[in-house]
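Because the structure is predicted, anything quoted here is derived from the model rather than measured. If you read the sequence from its start, that first residue is 1, and numbering goes on from there.
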Amino acid sequence: NGKTATQNVSIVVANTNDAPSLAAITEKSATEDVLFTYTVPVASDDDLNSGDNITYSAVIPVSDQDWLSFNAASRIFGGTPRNSDVGVTHTVTVRATDIAGAFSERTFNLRVSNASDAPVFVSTNAISVNEDQTGTLNVVATDDDESNGASLTYSATIAVADTSWISFNTTTHILTVNPINDQTADGNNNVKSITIRATDALNSDFRDQIITVTAVAVNDAPTLAAISTQFADDKVAFSVFSAVGADQDLGSGNLTYTTTSKPDWLKLNSVSGQFSGTPKNADVRSSNVTVRVSDQFGLFAERTFLMTVRN
């Protein structure tokens, strides 16, 4: 009969939670000793607007956790890689999770390129050597780039006036110090500074080390010139002879003269070393005289000569 009937039907579409969507992350590059940062793009979520209520987390290899970190609030990776991180593939995973617990992950590789490192000295920066002795110092530096084909060369800057007793072997990198008394002529230590340079032959990076070289003064006994036989006449003043001492440490101004055996008539000036006196007729004979010159530290030298009094 051509009649129709209509009825409204309500259809309810039940929501199914969709996991957030993270864009693919390409391989990232970092440089040794340079701060690396990377911000993860905002994930999209069909269930939410503009990615709101999505939380972020990251899985960082244990070996990298001491330098690489992830800030979940800002979505920023950050850290400064070391030389030991060069040449290693660092695999990092980032996860975006919605409020229902659904998540998606992206894994990317992080590669660290090498940066040239200046050498580092590991040997001591001072050497002390007693005068008239020889001392050596093995100068050693290390370089983190050695594993990448670097080798070190050494050079030294030494004042020309000191090259007679300070030398450096650039092949063995041995510093040799051989001070003689001339380096401590005033009785005091002689302190010099020299510069050793270690250069990375691969990248021309270098580091200088200043080494303090000390020549340690060692007291030397004074010397006393040989004394020939001396002659005096009885009843005639004798004062034409002096003992002559020398001290290579302090010169002759700090010496004291004494005798350990002499005739009674013969006197000795303890400062100048001059002998004087007037022998009597009873002194006519030959006598051995021993004179000693001493420095202020008690070291001494002696000479014995024949003193003959003529009638």
Practice item. Spell out, as yes or no, whether a donor-acceptor pair under 3.5 Å connects the side chain of K267 to the backbone of D264. Key: yes
Practice item. Evaluate the criterion side-chain contact (heavy atoms from CB on, under 4.5 Å) for residue pair L175 and I166; output intermediate values, then yes/no. Key: CA-CA 7 Å; L175 178 68; I166 302 175; 3.9 Å; yes
Check your understanding: Under the criterion ring pair (Phe, Tyr, Trp, His ring centres under 6.0 Å), which of F238, F305, W265 is the partner of F275?
Key -> F305
**Study point:** Hphob cluster co-occupancy, V139 + F206, side-chain heavy atoms under 4.5 angstrom
**Key:** no
Practice item. Would you kindly say whether N109 and T91 are connected by a side-chain donor-acceptor distance under 3.5 Å? Key: yes
Point to revise | Donor-acceptor contact below 3.5 Å, side chain Q230 vs main chain S228 | key: yes
Exercise for review: Please tell me if the side chains of L266 and V289 come closer than 4.5 Å, counting only heavy atoms from C-beta onward.
Suggested key: yes
Practice item. Assess whether side chain to side chain donor-acceptor pair (under 3.5 Å) is satisfied between T55 and T97, documenting all intermediate values. Key: CA-CA 5 Å; T55 58; T97 305; 4.5 Å; no
Review point. Would you say the side-chain atoms of T308 and S286 include a donor-acceptor pair closer than 3.5 Å?
Key: yes
Point to revise | Qualifying salt bridge (Lys or Arg N to Asp or Glu O under 4.0 Å) pairs, either residue in residues 61-73, two or more places apart | key: D66-R82
Check your understanding: Which heavy atom in F121 sits nearest to a heavy atom in D208, and how many Å separate them?
Key -> CE1-C, 3.8 Å
Check your understanding: Any sub-3.5 Å donor-acceptor pair from S104's side-chain atoms to P20's backbone N or O?
Key -> yes
Review point. Would you say the side chain of I211 lies within less than 4.5 Å of the side chain of Q209, judging by non-hydrogen atoms?
Key: yes
Practice item. Using the rule that two of Ile, Leu, Val, Met, Phe, Trp, Tyr join whenever any of their side-chain heavy atoms come within less than 4.5 Å, decide whether V140 and I127 are in one cluster. Key: no
Practice item. State, to 0.1 Å, how close T212 and S193 come at their nearest heavy-atom pair, and which atoms those are. Key: OG1-OG, 4.5 Å
Review point. Taking the side chain as C-beta and beyond, is there a heavy-atom pair between P263 and D283 under 4.5 Å?
Key: no
Check your understanding: Is any side-chain heavy atom of M307 less than 4.5 Å from a side-chain heavy atom of F231?
Key -> no
Review point. Side chain of Y257, backbone of G245: donor and acceptor closer than 3.5 Å?
Key: yes
Point to revise | same_hphob_cluster(I54, V42) at 4.5 Å side-chain heavy-atom cutoff | key: yes
Review point. Is the F70 to Y38 ring centre distance short of 6.0 Å?
Key: no
Point to revise | Check: N311/N281 side-chain N/O donor and acceptor closer than 3.5 Å | key: yes
Check your understanding: Under the 3.5 angstrom rule, does the side chain of N189 hit a backbone N or O of A217 as a donor-acceptor pair?
Key -> yes
Review point. Is it the case that one hydrophobic cluster holds both F300 and F297, taking links as side-chain heavy atoms less than 4.5 Å apart, direct or via other members?
Key: no
Check your understanding: Would you find more than 12 non-hydrogen atoms of other residues, nucleotides or ligands less than 6.0 Å from I210 atom CD1?
Key -> no
Review point. Side chain to side chain donor-acceptor pair (under 3.5 Å) with Q133: which residues, sequence neighbours excluded?
Key: none
Check your understanding: If we only count heavy atoms from C-beta on, is the T157 to I194 side-chain gap below 4.5 Å?
Key -> no
Review point. Is it true that the side chains of S155 and T170 contain a donor and an acceptor less than 3.5 Å apart?
Key: no
**Study point:** Test item: side-chain donor near acceptor, R111 and T89, under 3.5 Å
**Key:** yes
**Study point:** pair I227-V291: side-chain heavy atoms closer than 4.5 Å
**Key:** yes
Point to revise | Polar side chain donor-acceptor pair, T93 to T107, under 3.5 angstrom | key: yes
Practice item. Decide whether Y56 and F103 are clustered together by the hydrophobic rule: side chain heavy atoms of Ile, Leu, Val, Met, Phe, Trp, Tyr closer than 4.5 Å, transitively. Key: no
Exercise for review: Please determine, by modelled atom types, if N53 and D98 share a side-chain donor-acceptor pair under 3.5 angstrom.
Suggested key: no
Review point. Is it true that the side chains of D295 and N219 contain a donor and an acceptor less than 3.5 Å apart?
Key: yes
